[in-house]
Structure formats: structure tokens, C-alpha cells
Amino acid sequence: MERQVGRIAAGYLGQQTLQAMGAAEALEIANKGKGSICLAAPTNASSPHQLQLQLHRLRLTGKALQLAAPMDFVAKGTQTNGQKLGITQDSWQDGEVGHGAMPAFSDPSDDGACVQWPLPQEWPLLSRKPRLGVMASGAGSNFQALVESCAGGWASIDLLVVNNGGCGAQQRALELGMANQVVDHRLHSNRESVDRALIDAFKAAAVDLVVMAGWMRIVTPVLIGAFPERIINIHPSLLPSFRGVDAVGQALAAGVTLSGCTAHLVSEEVDAGKILVQAAVPVDAGDDRASLTARIQSQEHRILPLAVALAALRLGY
């Protein structure tokens, strides 16, 4: 059955449009007037086996896009692997071949939809199972998403560390009977001391990768140096835009029409490490922090497990 999978609205040049649909260059999305990009996300999945069935490849067909001016067009696709993305032509193209003006289309945008970079793909095949250590500070929804994904067997979560005893993430771990530990930053004299305690905990658990799944503290070179290229963070913006605290508030204050989330490797500069996966969501006119945060978090839950798997693949797992 054919379904509409997205809408790309005015203001994007052809090269940028192609990049957003899978060109080799990194996806860079910025607010440009009223332009926005939105493609339907695959159904949420809790295991790599489900993901393999639900993620589809997209490829462009027909002649190359030549956008001389802002235009609207609607993308339609079919639910099959290797699906084609058909692009309707606008009125000036139709006039060239005598088709007349295109009829008006209703807006197919879905405020829960997203663009993902890299484009939805088959789950990376790892040669061995990485052991994960997870850091969390709050409710633990990203921790829960990792737990559900790891149930498919591609990785194991061997330790959860929280800095707020009794937080939602720790409660989830206790309910699941998973190893957990509190490293209370308030009991340490500085950030380096906190990070040394984290290193001791993760080394004792023999973890391979560390995942910052909502860790609301800045880490130092002490921790980064102990796990180089092995720490993954999830951030609620399309980096490099809106780094640091309150990224959602920053996006709303800037008036952008597109926001999202980024999973990246952690570097010494805050929110500046190598990007692994991004997902973009539209910002609705009536959005506040709560509504936009909820839309972004639904995509964080999708891309964080994939980012961890891609990080493991980079290291030879």
C-alpha cells in the first residue's frame, strides 16, 4: 500500500536536499526562513531483529532536482526494502512538457516524524557483544530504551551509575534486577574526583563502552582519557546548533522550525564530539519546552541504541 512518507518545504537547494536524503556528506540542517524537512520515522523497535524488518532504504529516482526558486513538493513511497522516493514536479516543470499546473496537495507532515542520518539502515552486524556501562541522572527513559534494545542480544548492560540516588533510572534498574551504583557528585570536591569514581566503577564491571543516557553533569578529560572514543552521549538538538544546557529552550527562543537530537562520541569540548546519528523533528507553532522535549525524546529512544552499535562497530566489535 502506498503511503506518504514526508514533506520537504520551501527554501532548500537541490544539493542540500540530496544530502538530507542520504548523500555522503554529513547532514547539516539549519533554519532557513520557513524551510523544513520531515520524513516519516520507522516504527519504534525494541530489538535489532525488529529494526531489520522495519527500517527501509530510500533512493532517488527520475531526473535530478533543479531548484531555481523555493518550491513545495510531496514525497511518496511504498513500504518495501529499497523503496523508491518519487518527487512530484512543480508547475514550471509541468509547463515545459505541457501537463498544466499540478493540483494542490494537503500537507502530509507529521509532527512525530523525523529525518534520520545516517538514513534508516540494517542493524550493524557485530562480531562480538560489547559490555555497556550507562550513566543517568533522571527518569531513565533512554536507559529503558537501551535495556529493551539489548534484549535482542547484541550487547549487555553490565552497570548503571546514577548521581541522584533513588532517581527513576535507578528504580528501573532495581525493578529489573540490574547492577547499579550511586556516585553522588555532591560528596566529591571536584569533577575530576567524580570521574575517578566513575572510572573505578566501570573498570570493576569490565565495560567496553560508556553511554551517557541523560547524565546531567559535564565530564572531564579524566573520564574521557580512560575510555577514548568509547563514550557516547545523547543531546536534544541538531548539533552543532544549541550546545550545552537547555538546548530545547535555546531552540524555542531562536524560533527555529526544525529541531531534533544527536548521538555523538564525547570529546573534551562540550557537545563537540564526532556525530554518530541524528534525527530531526519539526517545531510546531504552539510548542513549549514540554511538548518539544517529548517529541525529541521519542527520537532519542530510537537513535541511541543504533549509535552505540555504530560506536562498537568503529572499534572492531
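Both backbone and side-chain heavy atoms feed into the values below; hydrogens, waters and symmetry mates do not.
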Least distance between heavy atoms, [X] atom then [Y] atom:
X    : Y    : value
S259 : A251 : OG-CB, 4.1 Å
L132 : C150 : CD1-SG, 3.9 Å
P282 : L292 : O-CD1, 4.2 Å
A169 : V162 : CB-CG1, 4.2 Å

Nearest 0.5 Å please: distance from the [atom1] atom of [X] over to the [atom2] atom of [Y].
X    : Y    : atom1 : atom2 : answer
S149 : Q144 : OG    : CD    : 11.5 Å
K203 : R196 : NZ    : CZ    : 15.0 Å
L315 : L209 : CG    : CG    : 6.0 Å
E300 : T293 : CD    : OG1   : 8.5 Å
Q170 : S137 : CD    : OG    : 11.5 Å
D184 : N164 : CG    : CG    : 7.0 Å

| Transitive ILVMFWY cluster of V219, excluding itself - 4.5 Å side-chain cut-off | M135, L159, V161, V183, V194, L198, I199, F202, V207, V210, M212, W215, V222, L223, I224, F227, I231, V266

Do the side chain of [X] and the main chain of [Y] share a donor and acceptor less than 3.5 angstrom apart?
X    : Y    : result
S237 : F242 : yes
D288 : A290 : yes
D195 : T220 : yes
Q171 : C167 : no

A side-chain contact here means heavy atoms from C-beta on lying under 4.5 Å apart; do [X] and [Y] qualify?
X    : Y    : result
I296 : V281 : yes
M178 : I157 : yes
N233 : H235 : yes
R295 : D287 : yes
V211 : N142 : no
H264 : L239 : yes
K129 : W154 : no

| remark: side chain to side chain donor-acceptor pair (under 3.5 Å) filter on T262, not counting sequence neighbours, yields Q278

| request: For R128, enumerate each residue passing the side chain to side chain donor-acceptor pair (under 3.5 Å) test, keeping only those at least two apart in sequence or located in another chain. | output: none

| message | Quick test of your reading of the model: are D158 and R131 salt-bridged, counting only N-O distances below 4.0 Å? | response | yes

Check residues 306-314 and write down every donor-acceptor pair under 3.5 Å in which the side-chain atom is one partner and the other belongs to a residue at least two apart or another chain.
residue : atom : partner : partner atom : Å
R314    : NH1  : E229    : OE1          : 3.3
R314    : NH2  : E229    : OE1          : 3.2

| task | Determine, step by step, whether I303 and C261 satisfy the side chain to side chain contact (heavy atoms under 4.5 Å, CB included) criterion, reporting the C-alpha distance in whole Å, the side-chain angles of both residues, the deciding distance to 0.1 Å, and the verdict. | result | CA-CA 9 Å; I303 71 171; C261 50; 3.7 Å; yes

| said: Please determine whether residues L176 and L146 belong to a single hydrophobic cluster, defined as Ile, Leu, Val, Met, Phe, Trp and Tyr linked transitively by side-chain heavy-atom distances below 4.5 Å. | reply: yes

| field | E269: side-chain contact (heavy atoms from CB on, under 4.5 Å) partners, not counting sequence neighbours | value | R243, S267, A272

| Who passes salt bridge (Lys or Arg N to Asp or Glu O under 4.0 Å) against D246, sequence neighbours left out? | R289

